[in-house]
Amino acid sequence: MNASGVFLKGQGIDSGLFSKALISSIWEPVPKMHLMLDGTNWKFGTQNINCLVLAVRVGKIAFPLF
C-alpha cells in the first residue's frame, strides 16, 4: 500500500459537508438550490434494475449527490 493509502485509511468523508464545499467553491454566495429525488425500475429479462438518484439543481445545472 502506498503512503497516501495509509494516511487516509479509516477516514470517512462527510458527504453533506463535501457537497456544500463543492457548490460553495463554484458559486459564491451560495444560490437557491433544489434537491431532486428520482427513482426508476427496469426489467431486463428476469432481473430487476433499480436506480435511485439524489441530485441538487442550481439554475439549469444539476449535480448528482448519491
Side-chain angles (χ1 to χ4, degrees):
M1 185 178 287
N2 61 27
S4 64
V6 174
F7 179 73
L8 297 174
K9 185 176 181 181
Q11 298 296 315
I13 294 176
D14 182 341
S15 59
L17 187 59
F18 176 78
S19 300
K20 186 176 178 181
L22 178 67
I23 299 295
S24 307
S25 68
I26 297 171
W27 288 282
E28 198 61 46
V30 178
K32 184 176 179 181
M33 296 181 217
H34 298 273
L35 283 177
M36 301 177 299
L37 184 64
D38 184 32
T40 187
N41 182 12
W42 296 290
K43 188 123 175 130
F44 186 74
T46 59
Q47 181 141 4
N48 286 320
I49 301 170
N50 295 303
C51 184
L52 183 64
V53 177
L54 175 65
V56 62
R57 182 174 60 90
V58 181
K60 294 182 179 181
I61 302 172
F63 297 97
L65 300 175
F66 179 76

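Checked against side chain to side chain contact (heavy atoms under 4.5 Å, CB included), T46 has no partners two or more places apart in sequence or in another chain. In terms of the side chain to side chain contact (heavy atoms under 4.5 Å, CB included) criterion, residue partners of L52 (sequence neighbours excluded) are, by chain and number, L37.
Both F63 and L35 belong to a single network of hydrophobic side chains, linked directly or stepwise wherever heavy atoms of I, L, V, M, F, W or Y lie under 4.5 Å apart.
The CD1 atom of I61 sits 12.0 Å away from atom CE of M33, with the distance rounded to the nearest 0.5 Å. In this structure, NE2 in H34 is found 4.5 Å from CZ in R57, a value given to the nearest 0.5 Å. One distance of note links CD1 of I49 with CG of N41; it measures 8.5 Å at 0.5 Å rounding.
The heavy-atom pair separating K43 from N48 by the smallest distance is CD-OD1, 3.5 Å.
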Verdict with reasoning, W42 to C51, per side-chain contact (heavy atoms from CB on, under 4.5 Å)
CA-CA 9 Å; W42 296 290; C51 184; 4.3 Å; yes

Kindly indicate, with the supporting measurements, whether the criterion side-chain contact (heavy atoms from CB on, under 4.5 Å) is fulfilled by T40 and N50.
CA-CA 6 Å; T40 187; N50 295 303; over 6 Å; no

